[in-house]
Amino acid sequence: MNKIRIANHNIGTKQKCFIIAEACDNHLGDMETAKEMAKQSKLAGANAVKYQHHLPDEEMLKDGVPMSDNFDMPLYEFLKLYALTLDQHKELKKYCDDIGITYLCTPFSKQAALEINELVPAFKIGSGELTDIPTLKVIAELGKPMILSTGMSVLEEIDETVEALLPINKQLVLMNCTSEYPPKYEDLNLGVINILKDRYNFPIGHSDHSPDNYSSFAAVTLGAKIIEKHIILDKKQPGPDQSVSIEPYELYQ
């Protein structure tokens with residue numbers, strides 16, 4: 001298995017599992033909330049806290065995007081209201097450095113990736129972008145580890161992306177992922193972790209959208225080297241990721 005390094009953490013065989021607390025947009029654009037999420041993630045034992053960099057006009061159409069059951073407004077409008085600015089990401093990066101937790105961020109467009117490049121030690125790519133090979137090639141050329149979620153993709157699509165990226169960047173991690181929010185236990189199919197381990201010579205992780213930790217525990221026993229869990233400060237707070245998020249004290253458990 002190829003080993004990679006993210007900030008001060010080695011990822012690979014015989015290494016401790018790398019834990020990412022996914023803050024997503026559960027901060028609702030409030031910087032004090034976003035910072036508190038970083039602080040609580042650190043206290044809960046996470047290695048990294050991850051945010052998202054959205055440039056809505058670069059990543060989606062303004063009209064005609066179907067509504068999700070998780071939203072009470074179109075996603076475009078939600079992101080226009082609540083997405084963090086680049087300056088806010090820079091402030092969060094400094095705060096994370098100050099408290100000793102690794103800052104990560106998911107870009108959802110080429111422009112977003114280029115803007116946060118100086119801030120991140122690695123790129124986390126969401127499932128929806130796994131097959132956007134032209135954009136992924138640009139990100140691969142930046143020379144940093146790439147953590148790629150695989151929800152909604154079949155093995156042939158994963159193969160195509162890996163084959164396109166490996167000649168450019170060998171620092172890859174694939175995240176087993178079920179794009180169901182939240183997923184039913186019978187749909188998780190954690191056996192895919194073993195399939196990915198047998199198929200590729202680099203670390204495999206698990207991006208977990210369940211509202212508890214049980215499937216993450218199982219994923220680690222199967223060899224997952226990175227676990228990503230959505231967090232929220234208060235599960236009573238509404239929002240697009242509320243139903244798939246746990247509170248920091250649950251992450252500590």
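Scope of the values below: all heavy atoms of this structure, side chains included, with no hydrogens, waters or symmetry mates.
With hydrogens and angles disregarded, no donor-acceptor distance shorter than 3.5 Å links the side chain of T161 to the backbone of I158. Of the possible polar contacts, none joining the T150 side chain to the S153 backbone as a donor-acceptor pair under 3.5 Å is found. One N or O on the side chain of E22 and one on the backbone of C24 form a donor-acceptor pair closer than 3.5 Å. Of the possible polar contacts, none joining the T106 side chain to the I125 backbone as a donor-acceptor pair under 3.5 Å is found. In this structure, the side chain of Q237 engages the main chain of N26 through a donor-acceptor pair within 3.5 Å. Proximity of a side-chain donor or acceptor of K229 to a complementary backbone N or O of D212 within less than 3.5 Å is detected. In this structure, Y51 contributes its side chain and A34 its backbone to a donor-acceptor pair below 3.5 Å. Judged purely by atom type and a 3.5 angstrom limit, E250 has no side-chain atom pairing as donor or acceptor with the backbone of N213. N176 places no side-chain N or O within donor-acceptor distance of the main-chain N or O of I204, the cut-off being under 3.5 Å. Looking only at distances, no side-chain donor or acceptor of K50 sits under 3.5 Å from a matching main-chain atom of T102.
Scanning all heavy atoms of the two residues, the minimum distance from L28 to Y82 falls at O-CD2, 3.1 Å. Closest heavy-atom contact between K235 and S245: CD-O, 3.3 Å. What you find for V220 and C17 is that their closest heavy atoms are CG2-SG, 4.0 Å. Smallest separation of non-hydrogen atoms from L172 and P203: O-CD, 3.7 Å. For the residue pair A46 and I101, the shortest heavy atom distance occurs at O-CD1, 3.8 Å. Across every non-hydrogen atom of P107 and C105, the tightest pair is CD-O, 3.6 Å.
Two residues are said to be in side-chain contact when any heavy atoms from C-beta on lie closer than 4.5 Å; Y103 and V120 meet this criterion. Side-chain contact between I20 and I226 is present, with heavy atoms from C-beta onward closer than 4.5 Å. For the pair N169 and M146, the minimum side-chain heavy-atom distance is below 4.5 Å. Considering only heavy atoms from C-beta on, D25 comes within 4.5 Å of L79 through its side chain. In this structure the side chain of E91 reaches within 4.5 angstrom of the side chain of K35, judged on heavy atoms. Side-chain contact between D57 and Y76 is present, with at least one heavy-atom pair separated by less than 4.5 Å. In this structure, the side chains of F202 and V162 come closer than 4.5 Å at one or more pairs of heavy atoms. Counting heavy atoms from C-beta outward, S149 and K124 have side chains that approach closer than 4.5 Å.
Other residues, nucleotides and ligands place more than 12 heavy atoms under 6.0 Å from the NZ atom of K80. Crowding of K110 atom NZ: a count of heavy atoms from other residues, nucleotides or ligands under 6.0 Å not exceeding 12. The environment of OH in Y214 is sparse: at most 12 heavy-atom neighbours from other residues, nucleotides or ligands sit within 6.0 Å. Residue-environment remark: NZ (K144) exceeds the threshold of 12 foreign heavy atoms within 6.0 Å. Environment of NZ in K39: sparse, with no more than 12 heavy atoms of neighbouring residues, nucleotides or ligands closer than 6.0 Å.
A distance of 8.0 Å separates CZ of F78 from NE2 of H54, quoted to the nearest 0.5 Å. Note that CD of E58 and OG1 of T135 are 10.0 Å apart. Values are rounded to the nearest 0.5 Å. With rounding to the nearest 0.5 Å, the separation of CG in N47 from OG in S41 is 11.0 Å. We find the CD-CG distance between E160 and L165 to be 10.5 Å, quoted to the nearest 0.5 Å. The CG atom of L174 sits 15.5 Å away from atom NZ of K225, with the distance rounded to the nearest 0.5 Å. The line from CD of E115 to CD of Q111 is 4.5 Å long, rounded to the nearest 0.5 Å.
Using cut-offs of 30° and 60° on the angle between ring planes, the pair H53 and H89 is perpendicular.
No salt bridge links E118 with K93; every basic N to acidic carboxylate O contact stays at or beyond 4.0 Å.
In the hydrophobic clustering of this structure, V192 groups with F217; members are Ile, Leu, Val, Met, Phe, Trp, Tyr whose side-chain heavy atoms approach within less than 4.5 Å, directly or through other members. By the criterion of side-chain heavy atoms lying less than 4.5 angstrom apart, applied directly or through intervening Ile, Leu, Val, Met, Phe, Trp or Tyr residues, L166 is grouped together with V138 in one hydrophobic cluster. The hydrophobic cluster containing F108 does not contain V49, counting ILVMFWY residues as joined when their side-chain heavy atoms lie under 4.5 angstrom apart, directly or transitively. Hydrophobic clustering, with ILVMFWY side chains joined whenever heavy atoms are under 4.5 angstrom apart, groups L84 together with L86. Both L119 and M31 belong to a single network of hydrophobic side chains, linked directly or stepwise wherever heavy atoms of I, L, V, M, F, W or Y lie under 4.5 Å apart.
Judged by distance alone, the side chains of D159 and Y200 do bring a donor and an acceptor atom under 3.5 Å apart. Side-chain contact, S210 with D208: a donor N or O sits under 3.5 Å from an acceptor N or O.
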* Going through the distances and angles, do H209 and E180 end up as a side-chain contact (heavy atoms from CB on, under 4.5 Å)? -> CA-CA 7 Å; H209 297 127; E180 189 176 325; over 6 Å; no
Under the side-chain contact (heavy atoms from CB on, under 4.5 Å) rule, what do I168 and K137 come out as? Steps first, then yes or no, please.
-> CA-CA 7 Å; I168 305 170; K137 283 185 174 181; 3.8 Å; yes
Go through M175 and I147 one step at a time and tell me if the side-chain contact (heavy atoms from CB on, under 4.5 Å) criterion holds. CA-CA 7 Å; M175 301 290 282; I147 306 168; 3.4 Å; yes
Note to self: Apply side-chain contact (heavy atoms from CB on, under 4.5 Å) to residues L155 and L196 and explain how you reach the verdict.
What the structure shows: CA-CA 9 Å; L155 288 172; L196 295 176; 4.1 Å; yes
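For L222, the side-chain contact (heavy atoms from CB on, under 4.5 Å) partners two or more places apart in sequence, or in a different chain, are L190, I193, N194. Listed by chain and residue number, E228 satisfy the side chain to side chain donor-acceptor pair (under 3.5 Å) test with S207 (two or more places apart in sequence, or in another chain).
Residue pairs meeting the ring-ring contact (aromatic ring centres under 6.0 Å, His included) criterion with at least one partner in residues 143-179, sequence neighbours excluded, are absent.
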